[in-house]
Amino acid sequence: MAKLYVFGIGGTGSRVIRSLTMLLASGVKLDNGFDTVVPLIIDPDAANGDLNRTTDILNKYQNIYKNSGEQNQFFGTKISTMKQLLDENVSSMSDHFIFGMSNTGQKFGEFIDYNGLDNENKALIDLLFSKANLEADMTVGFKGNPNIGSIVLNRFARSDEYREFSNSFNPGDGVFIINSIFGGTGASGFPLLLKNLRVNNADLVNSDVISRSTIGGVTFLPYFNIPDGGKDGREIDSSTFMSKSKAALSYYHHAIFDKDESLDAFYYLGAHSNNNVPYAEGKEDQRNPAHFLEMAGALAIVDFTKDFGRLSSLQGETTIKEFGIIDNEGGKVKFNLLGEGTKSAISQPLSKMSLLSKFLNKSLEVLKDNKGGFSKGNNGINERFYNQDYYKEYLKKFLNYYDEWIEEMDSNDVSFSPFHNNQNHGTLMDFVKGKELNKSIFSKVGLGDSSSSGNHIISDINKVIKSGKLDEETQESRFLKVFDGVIESHVIKILN
Amino acid sequence: MNELLAGLYESWFDYQTYQDLFRSVFKEQGFGSIGWAVIVLSILLLIIFYKFWDPVQGQRKKWFLVLLVNSLLIFGASYLILYNNQGLIEAMGNYSEGMVNPHYFVFQISSISALYGLVIAFICCILPLPVKFLSNDNKHNPF
């Protein structure tokens, strides 16, 4: 069993980890024995909205995973913090997913002690950094300035988190790095992190193993615009994204790809779209809506584990991959426009998770009133369950995050819109676009349930409870397992 | 069965007044037939409800509807049985004003049968009898 360390750098890193968490929760599995994901978010902007939303989602996922028993499709992959992995008290390391970064809560000039430098060094710094750079407040990240990021982030190999990452790393584990190339934190962090991973540092345990490990990365080319950027002295300007990307790619060319044993798999993602996000210089305001491309980034991680054996055997050769869909001609992307590999990887899990969420939103009251074994039997789920943290604080809120994620991808450009959003209990299973169920003659005249009614799910749930095969499970585990199996069987019927 | 049920029906009437009609029904095993109809129809209807219909929504209302339909069918079955009773047919033919009305007697016995049907079906539903365990979705209907 192996661990996959996923380094998410900057806001894009957080958002791709959010998408990855949604995919894992839906039942997408990693291949080649990767059973644990260790997300590590590198972002100096500790108040970043994207980062905090992602860590909240990860915490909820963990709580659900912990209480749901084993061998589930939903929430079936373990997500761990570094501290949980080591299972020991490392007082200096927090039990969360954020990679600790020291001294970033100040201006860049203070960080490099500009005033303490002699005249020659000051002159050199003045050549490399503008006055605005030196005055830049790093508590909100590097605001599109990779030249600042490259100095600050070069220190992360000295952090406690990096040391513990090194301690916990075993042969066969993998590393994946997520970054955007058109900003500050991601563009500068990626080559620095890669450089540190590939250096065999005698001071670090397992550094030799890490330096020879299989490493993949996904880099995001510009995929959104900031219409209000660059105006009225605003520092982040999306019109510079493309030139910054070209400069960074040029640097990557000689710093990464020209070197042996640098990167084993590299995924490029980008989109020409009219995806506009409001201007935000970090903190809680930076909370970009989810984009289809971020899910494609999460799928790159899944693909990396699938291809892990081959990538490991290539010894230093970089495999470069791109992602594409069938031309959507400006329209919404549904499952039928995805490639076969992507479609088979996500259509069933996402449909399952969406149906679970829709069922709990539209049909839960019917289920609670139902007089079958699930709601009224001793081996079912009692009314108190719905007021316990597992359901109220973790599962329900996680599903709210999931719905938000799906809705954001739907309203974005490119719009990923595989599901309808106008169901009621009676038409619950008509939720996959293009896969609406046929109505029987009886249901058309009001005799009997429509084939898309949520009643069929309730009936099957009661059947499972009646069989008694989940009697030994805790209520939490029973709840998830019963839905896991029943919803899967319905989704298979709907999709085929 | 015939003897057992005859007692259950007689207690609702003034026996002296209705004894001829009761004798006619009793002689042709009428109470036994009605009793079997009550039991068979109640169980049949409950099996249809719990095993084949097994509704997911509006379960209490649908269950009560089945009980009412069961009573109506039993009422009809009793009517049919009694109107095929030779003694009662003769009594109806000989009926004149001032005598006990055999038509009304049939109506009364059928109504009582319907009531017994309701009670039997209800007992079958509240006791942990096998009929409820045929169900997935109504195992706890009504309780």
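Chain letters run A, B, ... following the sequence lines, proteins first and then strands; every chain starts at 1.
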Interchain donor-acceptor contacts below 3.5 Å (chain A, chain B):
| residue | atom | partner | partner atom | Å |
| --- | --- | --- | --- | --- |
| A/N370 | ND2 | B/V56 | O | 3.1 |
| A/K371 | N | B/Q59 | OE1 | 2.8 |
| A/K371 | O | B/K139 | N | 3.3 |
| A/K371 | O | B/H140 | N | 2.8 |
| A/G372 | N | B/D137 | O | 3.1 |
| A/N455 | ND2 | B/Q57 | OE1 | 3.1 |
| A/S459 | OG | B/D137 | OD2 | 2.5 |
| A/N462 | ND2 | B/D137 | OD1 | 2.6 |
| A/K466 | NZ | B/F133 | O | 3.1 |
| A/K466 | NZ | B/S135 | O | 3.4 |

- Portion of B/F143 that has a non-hydrogen atom of chain A nearer than 4.5 angstrom: neither

- Query: Should we count CZ of A/F385 as having more than 12 external heavy atoms under 6.0 Å?
  - Reply: yes

